[in-house]
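Just so you know, residue 1 is the first one in the sequence shown, and it goes up from there.
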Amino acid sequence: MHSILQYQEIISKHFSELTISKQPDNLYEPIRYILSLGGKRMRPVLTLMSAEVFDADIFKAINAATAVEVFHNFSLIHDDIMDDAPLRRGNQTVHEKWNINTGILSGDAMLILAYQFFESYEPKIFRELAKLFSKTALEVCEGQQYDVDFETRDDVSILEYLKMIEYKTAVLVAAAMKMGAIVAETSEENANLIYDFGLNLGIAFQIQDDYLDAFGDPETFGKQVGGDIIENKKTFLYIKALEFANPTDKEKLLQLFSMQPEDNTDKIQSVKEIFNSSGASQATQQAIKDYTFEAFKTLEQIAISDEKKQVLRKFGESLMNRNV
């Protein structure tokens with residue numbers, strides 16, 4: 001088994017050598033730009049890791065991994081437009097660097113390009129990959145719509161929130177892992193178990209991402225800290241704060257999330273104080289641990305060696321303990 005760092009280096013080298021030399025430049029240059037920004041590239045790493053866990057050559061899975069990463073970046077371009085986000089990975093977002101129309105069209109092209117990377121596989125594997133990918137892509141869109149809907153609601157429950165992040169984020173993590181299993185042609189049971197492992201890990205990852213959006217270091221987080229608060233998003237932190245806060249703080253939180261001031265500095269600070277004083281911050285950190293350990297329980301059922309289970313466990317632990 002390769003180390004996580006080695007997988008990241010392989011993916012990084014692959015994307016640095018990936019040439020998208022099609023025309024017109026105004027369509028493809030934004031695609032080259034967003035893919036060049038890098039990031040941790042967790043999802044394609046998981047595809048390679050999963051393939052190797054089930055004894056396949058990781059380079060057999062490189063095109064499936066590429067499809068996952070291209071799709072993920074397509075979704076980021078469109079998410080950034082919807083959120084009016086100025087930064088992505090510490091750099092200008094595509095719609096800020098170019099314009100909204102370019103972001104929409106280049107994003108659309110990336111979705112189609114993602115499918116094309118499956119064409120290198122034999123028909124049986126291609127069919128399984130494409131079927132999983134189509135299901136996942138639709139769920140991601142559904143999750144994004146739930147996220148948008150929640151912005152105008154004050155009664156979002158924890159269960160609704162968890163369904164939203166399962167669709168918006170976790171299913172792509174799960175699919176990335178199952179794609180590695182499909183390419184490796186392991187058993188259906190193993191493929192489904194690695195999907196469930198990735199699903200729970202993905203939920204933990206998104207709750208952690210929501211936490212870091214409020215409490216991350218702006219120098220290393222790569223996105224605008226407090227962005228979810230500015231957008232009045234109903235995150236795990238927010239829902240738990242409403243559940244735990246005293247009546248005065250609950251009323252204040254509801255009021256703050258009904259505002260969209262020009263300068264959000266005071267709003268962000270006030271909301272974060274309620275997140276901390278109510279106990280929502282601690283509850284959120286506990287939820288991250290709970291879903292990570294649920295992933296580890298699933299891991300124990302997969303028919304692979306203990307050494308390989310340890311590699312997957314180490315990856316999960318690194319996600320749970322990240323601070324950027």
Main-chain N/O of [Y] paired to [X] side chain as donor or acceptor, under 3.5 Å:
{"X": "Thr298", "Y": "Leu193", "answer": "no"}
{"X": "Lys97", "Y": "Gln92", "answer": "no"}
{"X": "Glu160", "Y": "Ser157", "answer": "yes"}
{"X": "Asn264", "Y": "Ile230", "answer": "no"}
{"X": "Thr136", "Y": "Leu132", "answer": "yes"}
{"X": "Ser12", "Y": "Glu9", "answer": "no"}
{"X": "Asn73", "Y": "Glu69", "answer": "yes"}
{"X": "Tyr121", "Y": "Lys60", "answer": "yes"}
{"X": "Lys234", "Y": "Ile239", "answer": "no"}
{"X": "Ser50", "Y": "Leu46", "answer": "no"}

Begin from the C-alpha positions of Asp213 and Lys233 and carry the test salt bridge (Lys or Arg N to Asp or Glu O under 4.0 Å) through to its verdict. CA-CA 11 Å; Asp213 188 273; Lys233 290 195 173 179; over 6 Å; no
Would you say [Y] and [X] are linked by a side-chain donor-acceptor pair, where the criterion is simply a distance under 3.5 Å?
{"X": "Asn63", "Y": "Ser120", "answer": "yes"}
{"X": "Gln285", "Y": "Tyr211", "answer": "yes"}
{"X": "Gln145", "Y": "Asp149", "answer": "yes"}
{"X": "Tyr115", "Y": "Ser134", "answer": "yes"}

More than 12 heavy atoms of other residues, nucleotides or ligands under 6.0 Å from [atom1] of [X]: is that the case?
{"X": "Glu17", "atom1": "CD", "answer": "yes"}
{"X": "Glu119", "atom1": "CD", "answer": "yes"}
{"X": "Asp290", "atom1": "CG", "answer": "yes"}
{"X": "Glu188", "atom1": "CD", "answer": "no"}
{"X": "Tyr146", "atom1": "OH", "answer": "no"}
{"X": "Asp266", "atom1": "CG", "answer": "no"}
{"X": "Glu189", "atom1": "CD", "answer": "no"}

Determine the interplanar angle of the His2 and Tyr7 rings, folded into 0 to 90°, and report it as parallel if under 30°, tilted if 30 to 60°, perpendicular if over 60°.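 Tilted, since the angle between the ring planes falls between 30° and 60°.
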Atom pair [atom1] ([X]) and [atom2] ([Y]), whose distance is rounded to the nearest 0.5 Å:
{"X": "Glu128", "Y": "Met179", "atom1": "CD", "atom2": "CE", "value": "11.5 Å"}
{"X": "Gln8", "Y": "Met49", "atom1": "CD", "atom2": "CE", "value": "8.5 Å"}
{"X": "Ile104", "Y": "Trp98", "atom1": "CD1", "atom2": "CH2", "value": "15.0 Å"}
{"X": "Asp55", "Y": "Ser305", "atom1": "CG", "atom2": "OG", "value": "8.0 Å"}
{"X": "Ile31", "Y": "Ile77", "atom1": "CD1", "atom2": "CD1", "value": "7.0 Å"}
{"X": "Phe236", "Y": "Thr284", "atom1": "CZ", "atom2": "OG1", "value": "5.5 Å"}

Cation-pi check, Lys178 to Phe197: give yes when NZ or CZ is under 6.0 Å from the six-membered ring centre and within 45° of the ring axis, no otherwise.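 Geometry flag: not set, cation outside 6.0 Å or 45°.
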[X] vs [Y] side-chain heavy atoms within contact, under 4.5 Å:
{"X": "Phe74", "Y": "Val70", "result": "no"}
{"X": "Leu254", "Y": "Asp154", "result": "yes"}
{"X": "Thr93", "Y": "Leu76", "result": "no"}

For a side chain to side chain contact (heavy atoms under 4.5 Å, CB included) check, start with the C-alpha distance between Leu312 and Ile304, then their side-chain angles and the critical distance, and finish with the verdict. CA-CA 11 Å; Leu312 293 173; Ile304 52 175; 4.1 Å; yes
Test Tyr238 against every option in Ile274, Asp210, Ile229, Leu253 by the side-chain contact (heavy atoms from CB on, under 4.5 Å) rule and name the one that passes.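 Checked Ile274, Asp210, Ile229, Leu253 against Tyr238; only one passes side-chain contact (heavy atoms from CB on, under 4.5 Å): Leu253.
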Salt bridge (Lys or Arg N to Asp or Glu O under 4.0 Å) evaluation trace for Lys163 with Glu166: CA-CA 5 Å; Lys163 181 179 181 181; Glu166 177 183 335; over 6 Å; no
How close do Ile4 and Ser318 get, counting heavy atoms only, and between which atoms?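 Shortest heavy-atom contact: CD1-OG, 4.5 Å.
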Run Met82 and Gln144 through side chain to side chain contact (heavy atoms under 4.5 Å, CB included) and show every step you take. CA-CA 10 Å; Met82 296 176 75; Gln144 177 68 5; 3.2 Å; yes
Would you please test Asp196 and Lys297 for salt bridge (Lys or Arg N to Asp or Glu O under 4.0 Å) and show each step? CA-CA 10 Å; Asp196 290 341; Lys297 281 168 59 180; over 6 Å; no
